Structures are given as C-alpha cells and as structure tokens.
*Asks:* 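Pasting a structure here, questions to come.
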Amino acid sequence: MTNRCALLFSAALACLSCAHAQSPSETAPQFEVTSIKQNLSGTTESGMDHNLRDRFTATNMPLYFLIQDAYELHGDYQLAGAPGWTWDKAYDVVGTYPGGSSPDLQEIHLMERRLLADRFGLKLHSEQREIAAYDLVLARTDEKLGPQLHKSTMDCEAWAANGRPKTDTVPKSPVSPSGERPVCGQVATRTWLSGGARTMQELAGILQAMVERPVIDKTGLSGAYDVDMRWARTDLQAGEAATTTSSDAPSLFTAVEEQLGLKLVPQKEKFEVLVIEHIQPPTPN
C-alpha cells in the first residue's frame, strides 16, 4: 500500500469545516514565486513534497489532487463539479516560500489555496449534500466482538515518549505474512489489514479508503483495539454486490462481520461538500 493510501487510512473521518470553503483572503500566506508547467511526459509517476526547506513541489500531478491536498480532503465525495481536464492534465508545480520562513503544513496548504485561486481562477463554495455512505455498527445484539478484534492495553503516548521501543508483548497477527502487528499503527494492503491500538474512528477511516465511501463510526465502542482482517481482493466500487476474485477469503463486508463482529450498513448521510464554481487552465508563468 502506498504512503499516500496509508495516510488516507489513518485519517479520521471528519466533515469539512466552513473555513475550507472560504476563498483565500488577500492577507493569506502565499508563495514568493510560483512556476506551473503542464507535464507532457505521459508517465503515471507523480508526487508532492511538503518537506523541502525552501519550497513546495508537485510533479506530474493532476489538478484534482492538488485541490484535494490544498483543502485537506480525504475522499472524492468531498469535491464536486470538477471538470474532466482536472483529472486528465497533470502539472509540475513549484512554490517557493518567503525568504527566511519555515511554514508548517497548514500554512503550506493555505499557500496552495492562494496559488489555485490566483493561477487557476479556482472559486468554490460549500453545501450540504446527501451522499451514499456506510454506518459502522456492532453486528450482534449481544455486543460480542469478533475473534480478530480485541481491546488493546497499549499506552501509545507512553510508548512514543519512550522512544518507540520494540516489544515482545504485542500478540502476533494471524493475517500479516511476517506475523507482526504494528504496536501503535496499521499496515493495510488490498487483501489484509493489521493494526495495533486503533480507535473505532481510525478503523472507520481505514475502511472508508477501502470502500471509497464515507464510513461513520456508530459502534459506541471507546478506547483502542487490536484488529486483524483478511478478505478477497475485490473491485469495491460496486459496493456489497462487487464480484470478488477467486479466493478462499471472504468479501470485505463479510470479513468485517465475521472477523471483527462489526457491520457496514449502507445509509444516506449528509456531508459538507466543496463545489467548484469556476476553474481554468493556469495563467502563464
């Protein structure tokens, strides 16, 4: 699983704040110098770097993903009205920071928003829309959990403060090929998941990235859990009716119920969505 997907998995599901939808103000932080060039290489490799000392870079990046990054969106359902060319055309973007500054990630995102407004004419607003989603609930009326979901006793704050030491007390994972489960984190692939000390909100975020719909935690479970799950690789865009590949493993939806004792229930939920009003190819450098 790529780093980008791992980050998406670890992000807790949250509605957008109204501040996300505001057009950047004239006093918002901005890049000192920007360069935008269409990438015509035809390759599929792309990436963004927020960690360089003096600049932000995006290489061979579709504009759609630049918008998602700038506005801290965690799913396609959070952005509406994007024309097809924002997917089809990719750009190389460089934005240098004001001299002597070391902006944090939030400030870099604000600079990206300003760049999108100034160079691409991006205008958007937020509105409430009803969207197909899943509620994550307990599968059994007696509230018994599945065999691969267990309450965690790990204190992740203390573990991190102690230098993240290796520990032999972490139970082995029945799904990880190495048998190892992360102490305070998760590893997710297309067919298995192993996580240590995960909250239900974090699990919902992981499942959201897999089913490509919002997943709302309605289990009522507090605290952190060790979770292990294996399923058959599936094209999940069709939801529960998706056809799985030939495998002895169950579908993702069945695995959630049988292995975790939870259930993904289709629902319609209201979310705040960013709607693009106007966007255009970039102005010249």
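These numbers come from the heavy atoms of this one structure, side chains and all, not from hydrogens, waters or symmetry mates. Just so you know, these numbers come straight off a predicted model, no measurement behind them. For the single chain, residues carry numbers from 1 onward in sequence order.
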*Asks:* Are any of the side-chain heavy atoms of Met154 and Val183 separated by less than 4.5 Å?
*Replies:* yes
*Asks:* Are the side chains of Glu269 and Pro214 in touch, meaning some heavy atoms are under 4.5 Å apart?
*Replies:*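 No, their side chains stay 4.5 Å or more apart.
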*Asks:* Taking the side chain as every heavy atom from C-beta outward, state whether Phe120 and Ile36 have any atom pair closer than 4.5 Å.
*Replies:* yes
*Asks:* What orientation do Phe56 and His50 show, parallel under 30°, tilted 30 to 60°, or perpendicular over 60°?
*Replies:*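 Rings of Phe56 and His50: tilted, as their planes differ by 30° to 60°.
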*Asks:* Can you check whether Leu116 reaches Ile279 side chain to side chain, under 4.5 Å on heavy atoms?
*Replies:* no
*Asks:* Parallel under 30°, tilted from 30 to 60°, perpendicular over 60°: which one fits the rings of Tyr134 and Phe253?
*Replies:* tilted
*Asks:* Please check if the number of heavy atoms outside Glu143 that lie under 6.0 Å from its CD is greater than 12.
*Replies:* no
*Asks:* Do you reckon Leu193 sits in the same ILVMFWY cluster as Val187, going by side-chain contacts under 4.5 Å, direct or chained?
*Replies:* no
*Asks:* When you look at CD of Glu45, are more than 12 heavy atoms from neighbouring residues, nucleotides or ligands closer to it than 6.0 Å?
*Replies:*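 At most 12 heavy atoms, drawn from other residues, nucleotides or ligands, come within 6.0 Å of this atom.
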*Asks:* Of all the heavy-atom pairs spanning Ser194 and Pro182, show the shortest one and how long it is.
*Replies:* O-CD, 3.5 Å
*Asks:* Assess the residue pair Cys184 and Trp159 against the criterion (side chain to side chain contact (heavy atoms under 4.5 Å, CB included)); give the C-alpha distance rounded to whole Å, side-chain angles, the decisive distance to 0.1 Å, and a yes or no.
*Replies:* CA-CA 8 Å; Cys184 292; Trp159 175 77; 3.8 Å; yes
*Asks:* Treating Ile, Leu, Val, Met, Phe, Trp and Tyr as nodes and any side-chain heavy-atom pair under 4.5 angstrom as an edge, say whether Tyr64 and Tyr71 lie in one connected cluster.
*Replies:* yes
*Asks:* Quick check: do His278 and Gln280 have side-chain heavy atoms less than 4.5 Å from each other?
*Replies:* yes
*Asks:* Under the criterion side chain to side chain contact (heavy atoms under 4.5 Å, CB included), I'd like the reasoning laid out for Leu145 against Leu221: C-alpha separation, chi angles, the key distance, then a yes or no.
*Replies:* CA-CA 10 Å; Leu145 300 180; Leu221 298 176; 3.8 Å; yes
*Asks:* Hydrophobic clustering (ILVMFWY, side-chain heavy atoms < 4.5 Å, transitive) - are Leu122 and Tyr91 grouped together?
*Replies:* yes
*Asks:* Is it true that a side-chain atom of Ser101 and a backbone atom of Pro98 form a donor plus acceptor pair closer than 3.5 Å?
*Replies:* yes
*Asks:* Does atom NZ (Lys37) have a neighbourhood of more than 12 heavy atoms from anything else shown, all under 6.0 Å?
*Replies:*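 Counting neighbours around NZ of Lys37, 12 or fewer heavy atoms of other residues, nucleotides or ligands fall under 6.0 Å, so no.
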*Asks:* Strictly by modelled atom types, are Asp54 and Thr96 linked by a side-chain donor-acceptor pair under 3.5 Å?
*Replies:* no
*Asks:* Determine whether the side chains of Gln186 and Arg198 contain a donor N or O and an acceptor N or O closer than 3.5 Å.
*Replies:* yes
*Asks:* Are the charged groups of Asp142 and Lys144 less than 4.0 angstrom apart, N to O?
*Replies:* no
*Asks:* Any chain of hydrophobic side-chain contacts (each under 4.5 Å) joining Leu110 to Leu66?
*Replies:* no
*Asks:* Taking Arg113 first and then Glu72, would you say they form a salt bridge - that is, a charged N and a carboxylate O separated by under 4.0 Å?
*Replies:*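 Yes.
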*Asks:* Assess the side chains of Gln38 and Asp92: does a donor N or O sit below 3.5 Å from an acceptor N or O?
*Replies:* no
*Asks:* Compare all side-chain heavy atoms of Arg181 with those of Asp226 and state whether any distance is below 4.5 angstrom.
*Replies:*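 Sidechains of Asp226 and Arg181: in contact.
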*Asks:* Measuring only between side-chain heavy atoms, which start at C-beta, is Val137 closer than 4.5 Å to Thr219?
*Replies:* no
*Asks:* Give the cluster check for Val175 versus Met229: same hydrophobic cluster or not, with ILVMFWY residues linked at side-chain heavy-atom distances below 4.5 Å.
*Replies:*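 Each belongs to a different hydrophobic cluster.
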*Asks:* Got a sec: does the CD of Glu157 have more than 12 other heavy atoms crowding it under 6.0 Å?
*Replies:*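 Open.
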*Asks:* Does the side chain of Arg119 pick up a donor-acceptor pair with the side chain of Thr34 at under 3.5 Å?
*Replies:* yes
*Asks:* Are the charged groups of Asp135 and Lys218 less than 4.0 angstrom apart, N to O?
*Replies:*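 Salt bridge between Asp135 and Lys218, a charged N being under 4.0 Å from a carboxylate O: yes.
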*Asks:* Roughly how far, to the nearest 0.5 Å, is CZ of Phe31 from CG of Leu115?
*Replies:* 6.0 Å
*Asks:* State whether the side chain of Glu258 and the backbone N or O of Ala255 hold a donor-acceptor pair below 3.5 Å, judged by distance alone.
*Replies:* no
*Asks:* Checking Glu107 side chain against Asp104 main chain: does a donor-acceptor pair fall under 3.5 Å?
*Replies:* yes
*Asks:* Determine, for Arg129 against Glu127, whether the closest basic-nitrogen to carboxylate-oxygen distance falls under 4.0 angstrom.
*Replies:* yes
*Asks:* Decide yes or no on side chain to side chain contact (heavy atoms under 4.5 Å, CB included) for Leu149 and Met200, but give the supporting numbers first.
*Replies:* CA-CA 11 Å; Leu149 183 66; Met200 287 299 103; 4.1 Å; yes
*Asks:* Between the main-chain N or O of Ser41 and the side-chain N or O of Asn39, is there a donor-acceptor pair closer than 3.5 Å?
*Replies:*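 Answer holds: yes.
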*Asks:* State, to 0.1 Å, how close Ser126 and Glu272 come at their nearest heavy-atom pair, and which atoms those are.
*Replies:* OG-OE2, 3.0 Å
*Asks:* What I'd like to find out is whether the side chain of Leu260 reaches to under 4.5 Å of the side chain of Asp228, using heavy atoms alone.
*Replies:*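 Contact flag for Leu260/Asp228 side chains = no.
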